[in-house]
2 protein chains.
Amino acid sequence: MADIPSLVVSAGLKIKPQVPFVNLGGKPGRDIRSGRALENAEEVIKIAKILGENLSKTVEYLVIGESIPGGTTTALSVLLAMGIDAMGKVSSSMPNNPHKLKIKTAQEGIKAAGAQVGDFENDPLKAVSSVGDPIQPALAGLVIGAAEKVPVIMAGGTQMAAVLAVVNVLNSQVLKNLVIGTTRWIINDKTADLKGLVNQIADVPIFAADLDFSKSSFEGLKAYEKGIVKEGVGCGGASIAAILKSKGTITKDVLLREIEKNYKQIIKTT
Amino acid sequence: MADIPSLVVSAGLKIKPQVPFVNLGGKPGRDIRSGRALENAEEVIKIAKILGENLSKTVEYLVIGESIPGGTTTALSVLLAMGIDAMGKVSSSMPNNPHKLKIKTAQEGIKAAGAQVGDFENDPLKAVSSVGDPIQPALAGLVIGAAEKVPVIMAGGTQMAAVLAVVNVLNSQVLKNLVIGTTRWIINDKTADLKGLVNQIADVPIFAADLDFSKSSFEGLKAYEKGIVKEGVGCGGASIAAILKSKGTITKDVLLREIEKNYKQIIKTT
């Protein structure tokens with residue numbers, strides 16, 4: 001709607017998308033309970049940094065979103081491995097946040113890596129290589145590469161706290177160019193605490209798009225108001241960028257109408 | 001030198017580069033003598049077009065170069081299949097242009113595809129699928145996607161004539177936004193005829209960077225003046241873009257000094 005160009009990046013996809021996408025040399029992550037989740041995190045960070053640097057030369061600012069299965073669990077495990085008090089603080093795409101299951105999984109992974117909670121406080125590479133998801137080195141590299149030159153909106157929920165923790169250790173110089181952009185649903189999530197996570201890591205502002213699906217005519221969209229989904233694929237950050245670029249002509253009501261149009265098409269074709 | 005951002009695109013690489021690169025879903029091309037060189041040219045054009053459209057939203061103009069083994073042979077075969085008088089007109093990276101070998105190879109491929117010279121005049125998809133290289137649908141899609149919005153420099157030699165022939169049939173609306181950007185070595189190549197090729201296809205201007213390596217202190221670079229190499233990886237178009245962006249402070253002498261610096265590093269490390 002705001003005519004903002006987009007570029008799809010694969011951090012380590014097994015199934016390749018049918019659109020142009022940037023390959024960062026990442027491989028699919030392993031079960032984090034193995035304690036050896038990623039093979040080549042350092043290489044991915046290096047390559048992602050080159051992409052971030054190049055993208056920063058063509059844009060005013062960059063919005064970086066993500067989509068990962070089990071993303072809050074791998075965020076939790078990396079945050080715990082790096083010594084951040086994250087138990088009960090990561091969000092969930094479900095109304096009943098299965099904190100116990102996530103914590104058990106994260107602890108199992110950290111133990112399998114021969115470590116304890118907090119052991120990788122100053123070694124984010126070890127943290128993501130042991131119990132992380134390929135998205136974390138990919139996002140960290142992109143952020144570090146781009147934010148040296150332009151502002152970056154890290155578009156996501158509590159998963160971005162894990163990326164922020166990695167960036168903070170690898171290059172704290174870029175923190176001044178970062179904001180987290182998310183949705184009202186994340187901020188209002190009583191089962192999680194994005195602010196509590198971010199505040200432990202760095203002084204980075206959090207913006208939230210005031211999206212509201214309560215008046216939608218689709219039950220599937222109304223469900224967002226009951227705590228289902230909340231974020232995804234940079235939803236909050238993309239909305240913020242669209243609202244900013246349109247100088248406010250794209251309002252939350254305009255967004256809802258467009259989202260409903262797309263939603264209608266999707267349920268028709270599936 | 002001119003701080004121009006770059007993005008590497010794979011049209012169908014077998015060996016993946018250790019830098020971020022965009023995947024267009026292309027597969028390595030087969031021997032064109034099979035008459036069935038490419039599997040999914042149409043899909044690659046479609047995906048490349050999306051990338052071109054997106055890139056065109058962030059730049060003033062786009063420079064698209066390429067690097068392919070055997071590229072003038074697959075250019076020749078596509079040009080012949082599309083009925084363009086191209087025999088003896090494609091360039092070579094060698095001083096002695098092996099026209100006979102190239103023509104024989106191209107004719108063998110066209111025959112294997114069950115066709116004759118000129119049969120695919122109005123069917124560029126069939127031409128590249130039969131006797132082309134994955135670079136041709138990739139470049140054609142990029143050019144068509146980008147040139148609807150911004151000017152595009154097609155950076156290359158006689159290989160770009162084949163891409164131009166494909167673009168001309170698929171979307172002649174974009175021709176007004178195209179130039180071919182190449183080097184003095186291609187224009188001065190007495191064994192080939194870029195102008196003669198382009199003039200048969202469309203009224204598209206040819207720019208040539210006035211590069212001159214005759215005063216280089218390296219024999220390997222002086223060889224360009226004897227007809228070796230001539231072009232590659234968008235050399236001419238990239239030089240033109242650098243000269244334009246620097247408003248002339250990057251001259252051909254400045255370029256030669258920088259090229260020599262890089263050349264020295266390369267021969268040191270190999």
Side-chain angles (χ1 to χ4, degrees), chain A residues 1-27 39-40 42-64 134 137-146 148-150 238 241-242 245, chain B residues 1-27 39-40 42-64 134 137-146 148-150 238 241-242 245:
Chain A
M1 297 174 83
D3 201 33
I4 297 171
S6 64
L7 192 61
V8 176
V9 177
S10 165
L13 289 171
K14 200 164 187 174
I15 310 289
K16 310 297 182 203
Q18 297 296 305
V19 292
F21 68 93
V22 181
N23 189 319
L24 300 177
K27 296 176 183 79
E39 256 174 60
N40 60 342
E42 190 167 9
E43 187 197 5
V44 170
I45 290 182
K46 212 199 266 173
I47 295 178
K49 214 178 138 217
I50 298 172
L51 178 64
E53 283 164 3
N54 272 287
L55 292 177
S56 73
K57 291 180 189 174
T58 64
V59 296
E60 246 179 293
Y61 65 96
L62 204 64
V63 183
I64 308 178
L139 288 173
L142 276 168
V143 167
I144 291 169
E148 293 205 341
K149 190 160 170 155
V150 296
K245 198 182 167 200
Chain B
M1 297 173 84
D3 200 33
I4 297 171
S6 63
L7 192 61
V8 176
V9 178
S10 165
L13 289 171
K14 201 163 187 175
I15 311 289
K16 310 298 183 202
Q18 297 297 303
V19 292
F21 68 94
V22 180
N23 189 319
L24 300 178
K27 296 175 183 78
E39 256 173 61
N40 59 343
E42 190 168 8
E43 185 196 8
V44 170
I45 290 182
K46 211 198 265 176
I47 295 178
K49 214 177 138 217
I50 299 172
L51 178 64
E53 283 164 2
N54 272 286
L55 292 176
S56 73
K57 291 179 189 174
T58 64
V59 296
E60 246 179 292
Y61 65 95
L62 204 64
V63 183
I64 308 178
L139 288 174
L142 276 169
V143 167
I144 291 169
E148 293 205 341
K149 190 161 171 155
V150 296
K245 197 182 168 199

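Every chain is numbered from 1 and lettered A, B, ... according to where its sequence line falls, protein lines coming before strand lines. Side chains included, hydrogens not; waters and symmetry mates left out as well; all remaining heavy atoms used.
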Nearest 0.5 Å please: distance from the [atom1] atom of [X] over to the [atom2] atom of [Y].
| X | Y | atom1 | atom2 | value |
| --- | --- | --- | --- | --- |
| A/Leu7 | A/Ile64 | CG | CD1 | 11.0 Å |
| B/Asn40 | B/Ile45 | CG | CD1 | 10.5 Å |
| A/Asn54 | A/Lys149 | CG | NZ | 10.0 Å |

TODO: Side chain from CB out, backbone as N, CA, C, O: work out which of these in B/Glu43 comes under 4.5 Å of a heavy atom of chain A, or both, or neither.
DONE: side chain
Open item on the list: I'd like to know if the side chain of A/Lys245 reaches the main chain of A/Asp3, judged simply by a donor and an acceptor atom lying under 3.5 Å from each other, with no hydrogens or angles considered.
Closed with: yes
- [ ] For the pair A/Lys57 (side chain) and B/Pro5 (backbone), establish whether a donor and an acceptor sit closer than 3.5 Å, ignoring hydrogens and angles.
- [x] no
Open item on the list: Looking only at heavy atoms and a cut-off of under 4.5 Å, which of A/Val9, A/Asn23, A/Val22 has the most pairs with chain B?
Closed with: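 Looking at each option in turn, the highest pair count goes to A/Asn23.
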- [ ] Please determine, among A/Ser6, A/Gly25, A/Ala48, the option with the most heavy-atom pairs under 4.5 Å with chain B.
- [x]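 The answer is A/Ser6.
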Open item on the list: Report which part of A/Leu55 has an atom under 4.5 Å of a heavy atom belonging to chain B: side chain, backbone, both, or neither.
Closed with: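 Nothing of A/Leu55, per the 4.5 Å heavy-atom cut-off to chain B.
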TODO: Among the options B/Leu24, B/Ile4, B/Val8, B/Val19, pick out the one with the most heavy-atom pairs lying under 4.5 Å from chain A.
DONE: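 Highest number of pairs under 4.5 Å: B/Val19.
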